Amino acid sequence: MSEISQIIGSRIRMYRTRKNLSQDALGELAGLHGKYIGQLERGEKNATLESIEKVARALDLPFEILFEKIIIGGTQNEIPKRCYDLLTPLSVKEQKAILVLIEKAMDYKRI
């Protein structure tokens with residue numbers, strides 16, 4: 001499948017596991033089959049916008065958050081995207097702790 005299907009799928013998995021839901025439980029909440037949720041998460045299915053909307057609602061997420069900051073191919077710097085992908089699944093408390101570390105490292109660099 002396409003790179004965007006894999007990105008959206010991994011984001012669905014991230015938010016699902018954050019809410020401690022099984023694929024079947026998310027499927028039930030979204031009115032979709034649990035097997036289909038697994039296929040979406042693995043990027044095997046090219047979901048319709050309607051299916052993604054159902055999943056987003058079941059996860060209590062704004063629809064657009066699943067599409068936020070997607071960079072597909074190109075020559076753009078991949079480092080900010082990788083940082084975003086690493087930080088997004090963490091709690092706000094963990095994100096703030098890492099931000100403090102980054103800021104300290106940047107201050108150290110300026111010395």
Side-chain angles (χ1 to χ4, degrees):
M1 267 298 143
S2 71
E3 187 177 351
I4 194 163
S5 295
Q6 292 175 341
I7 292 168
I8 297 300
S10 68
R11 289 183 179 182
I12 291 170
R13 179 183 299 114
M14 175 187 66
Y15 286 111
R16 175 183 61 78
T17 57
R18 208 187 251 184
K19 292 192 175 273
N20 295 315
L21 293 171
S22 67
Q23 291 175 344
D24 287 331
L26 176 57
E28 189 173 315
L29 289 170
L32 302 167
H33 197 281
K35 183 176 177 179
Y36 180 70
I37 298 294
Q39 292 171 325
L40 290 179
E41 289 182 353
R42 291 186 299 275
E44 296 171 357
K45 287 284 186 182
N46 211 358
T48 64
L49 292 175
E50 289 82 9
S51 293
I52 294 174
E53 180 184 25
K54 288 178 181 182
V55 170
R57 285 180 191 263
L59 291 169
D60 196 29
L61 293 172
F63 177 80
E64 61 274 9
I65 202 160
L66 293 173
F67 294 90
E68 190 173 59
K69 300 200 185 319
I70 292 179
I71 300 171
I72 303 294
T75 58
Q76 295 183 8
N77 186 347
E78 291 287 320
I79 295 171
K81 177 192 175 298
R82 181 73 179 126
C83 290
Y84 177 84
D85 290 343
L86 287 170
L87 290 172
T88 301
L90 302 177
S91 69
V92 173
K93 182 179 179 181
E94 293 168 321
Q95 290 175 2
K96 287 179 180 180
I98 291 172
L99 177 60
V100 167
L101 291 172
I102 292 170
E103 288 171 337
K104 286 182 180 183
M106 296 300 292
D107 287 342
Y108 178 76
K109 179 183 169 230
R110 290 186 196 114
I111 296 176

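What you see is a predicted model; the values in this text were computed from it and never measured.
- Among the candidates Met14, Arg13, Gln95, the single residue satisfying the side chain to side chain contact (heavy atoms under 4.5 Å, CB included) test with Pro89 is Met14.
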Checking side chain to side chain contact (heavy atoms under 4.5 Å, CB included) for the pair Leu26/Ile12: CA distance, chi angles, key distance, verdict?
-> CA-CA 10 Å; Leu26 176 57; Ile12 291 170; 4.1 Å; yes

Check against side chain to side chain contact (heavy atoms under 4.5 Å, CB included), Glu64 and Phe67 = CA-CA 5 Å; Glu64 61 274 9; Phe67 294 90; 5.6 Å; no

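- Gln23 contributes atom CD, which lies 9.5 Å from atom CG of Leu40 (distance to the nearest 0.5 angstrom).
- In this structure, Met106 is not a member of the same hydrophobic cluster as Tyr84, with clusters built from ILVMFWY side-chain heavy atoms closer than 4.5 Å.
- In terms of heavy-atom proximity, Ser10 sits nearest to Ile7 at OG-O, 2.9 Å.
- Both Ile65 and Phe63 are part of a single hydrophobic cluster, where members link through side-chain heavy atoms under 4.5 Å apart.
- Under the 4.5 Å side-chain heavy-atom criterion for grouping Ile, Leu, Val, Met, Phe, Trp and Tyr, Leu59 is connected to Leu49 within one hydrophobic cluster.
- Between Ser51 and Leu32, the shortest heavy-atom contact is O-CD1, 4.0 Å.
- Checked against side chain to side chain donor-acceptor pair (under 3.5 Å), Arg16 has the following partners two or more places apart in sequence or in another chain: Glu41.
- Ionic pairing of Glu50 and Lys54 is not present here: no N-O contact between side-chain nitrogen and carboxylate oxygen is shorter than 4.0 angstrom.
- No chain of hydrophobic side-chain contacts below 4.5 Å, direct or via other Ile, Leu, Val, Met, Phe, Trp or Tyr residues, connects Leu90 to Val100.
- To the nearest 0.5 angstrom, Ile4 atom CD1 is 10.5 Å from Leu66 atom CG.
- Rounded to the nearest 0.5 Å, atoms CG (Asp24) and NZ (Lys35) are 11.5 Å apart.
- Between Leu87 and Leu99, the closest side-chain pair of non-hydrogen atoms is not below 4.5 Å.
- More than 12 heavy-atom neighbours from other residues, nucleotides or ligands sit within 6.0 angstrom of CD on Gln39.
- When side chains are defined from C-beta on, Val55 does not count as touching Tyr15, because their heavy atoms never get closer than 4.5 Å.
- Within the structure, salt bridge (Lys or Arg N to Asp or Glu O under 4.0 Å) pairs that include any residue of residues 89-101 do not occur (at least two apart or interchain).
- Atoms CZ and CD1, from Arg42 and Ile37 in turn, are 11.0 Å apart once rounded to the nearest 0.5 Å.
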